[in-house]
Amino acid sequence: MEAIKSKRETTWLTKEKRPIVIAGPCSAETEEQVIETAKRLKATNKMDIYRAGIWKPRTRPDSFEGVGVKGLPWLQRVKKEVGLPVTIEVANAKHVELALAFDIDILWIGARTTVNPFAVQEIADALRGVDVPVLVKNPINPDLSLWMGSIERLSKVGVKEIGAIHRGFSNRGEKFYRNRPQWQIALDFIRKMPEIPILCDPSHICGRRDILQEVGQKAMDLDFDGLMIESHIDPDNAWSDAKQQITPEVFGAMITEMVLREDFEDNPVLQSKLEYLREEIDHIDDELMNLLANRMKVVRDIGAYKKENNMTILQQKRWNETLNKAKNLAANRELSEEFIIKFINAIHQESIDQQEKIFKL
Ligand code: PEP
Ligand code: MN
């Protein structure tokens, strides 16, 4: 590994200064749009680094694919005239070379590049011996190793400042999120690479404006180190990702509203453990629901049988037995008798209701 002597005075990707907030348009579109967005974002006092996509990895070929090299001097103006450090996405060695030639402060590797070890290695090779911070978005597929592998490739060539960005994972037809967050993967990342700062990109997770705040807040509550949020002076008319962009002023209000938790060193681990336990609870709840549904199916079969044979719905002896059995089971399982009586009564009531329906058929 080569030793790189840093000429930079600023460390951007650090766990000490939190949260790290990156904001800016999905794409650089025109010089005016780039400068105006930067000025208005800077005025909010709520962000640290300016982002803008120069080369856009688009799913379909006829979409806007970025302004390319001509946008790089616009970002130089943002640095000089607005006083913000700037970051762009790089997807190959040529992008790296151009970004460095135009003094881009921080590079990021997009989700569609992280999936490809050849591309990531090409970028890493272009960065050998270069002192520039790099952020790595998670791959579009939910593969933690691939994400970590990209970071390892950069680390191996000597990139010293590396961060990660959680931008969600592509989903099949689900409408709520544009990219499913699958928080568990990000939390596993934090557990496995605790020294790497991790930012959340609510814009690409949500794909819409109305839930940006809650997703950003969730990331803060899970002790992420920062946020990357897309902001545009005229969001509805943005040339890419129009639905998810917000004006600089809306961005400012959103960050102001966020509750930024304290930075406890071991917090990610604590939070990650809690998330595990909650997932376990969710699984158990699912099982409970399935068991209840199965129980009610049998109850309906019994209902049909009772109806056929002119038997009453309530069978007092049987009910007393069920109740006593439940009380005994509860006592051996750290469950209070009071709770179990309420619980079994509620189930019994629903069973009677379901059988009554069958009797009325
Ligand atoms: C972007 O940040 O505009 C972008 C293309 O993101 P991603 O790589 O997460 O899709
Ligand atoms: Mn975008």
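Read the numbers this way: they start at 1 and go in the same order the structure lists the ligands and their atoms. Computed over heavy atoms, backbone and side chain alike; hydrogens, waters and symmetry mates excluded.
Note on residues 173-197: pairs passing ring pair (Phe, Tyr, Trp, His ring centres under 6.0 Å), not counting sequence neighbours, are Trp147-Phe189, His166-Trp183, Trp183-Phe224.
Atom 8 (O) of ligand 1 has Ala111 N, 2.8 Å as its closest protein atom, hydrogens excluded (heavy atom only). Of all protein heavy atoms, the one closest to atom 6 (O) of ligand 1 is Lys137 NZ, 2.9 Å. The nearest protein atom to atom 10 (O) of ligand 1, hydrogens excluded, is given as Arg167 NH2, 2.7 Å; this is a heavy-atom distance. Remark: minimum distance from atom 4 (C) of ligand 1 to any protein heavy atom is reached at His204 NE2, 3.5 Å. Nearest protein neighbour of atom 5 (C) of ligand 1, counting heavy atoms only, is Glu89 OE1, 3.6 Å.
Side chains of Arg40 and Ser231: no donor on one and acceptor on the other come within 3.5 Å. A donor-acceptor contact closer than 3.5 angstrom is absent between the side chains of Asn345 and Gln349. For Gln354 and Glu350, the side-chain atoms include at least one donor-acceptor pair closer than 3.5 Å. Defined by atom type and a distance below 3.5 Å, a donor-acceptor pair is present between the side-chain atoms of Glu230 and His204. Side-chain contact annotation: Asp188 with Tyr276, donor-acceptor N/O pair under 3.5 Å present.
Which parts of ligand 1 touch Cys26 is read off a 4.0 Å heavy-atom cut-off, strictly below it: atoms 3 (O). Distances below 4.0 Å separate heavy atoms of Gly110 from the following atoms of ligand 1: 8 (O). Distances below 4.0 Å separate heavy atoms of Lys56 from the following atoms of ligand 1: 1 (C), 3 (O), 5 (C).
Between Leu361 and Lys307, some side-chain heavy-atom pair lies under the 4.5 Å cut-off. Two residues are said to be in side-chain contact when any heavy atoms from C-beta on lie closer than 4.5 Å; Asn92 and Trp55 fail this criterion.
When atom types are taken as modelled, the side chain of Arg51 and the backbone of Pro25 share a donor-acceptor pair closer than 3.5 angstrom.
A continuous path of Ile, Leu, Val, Met, Phe, Trp and Tyr side chains, each step under 4.5 Å between heavy atoms, connects Val136 with Val157, placing both in one hydrophobic cluster.
Inclusion of Asp201 in the set of residues having an N or O under 3.5 Å from an N or O of ligand 1 is not warranted.
For the Mn ion (ligand 2), the nearby protein N/O/S atoms, meaning those under 2.8 Å, are Cys26 SG, His204 NE2, Glu230 OE2, Asp241 OD2.
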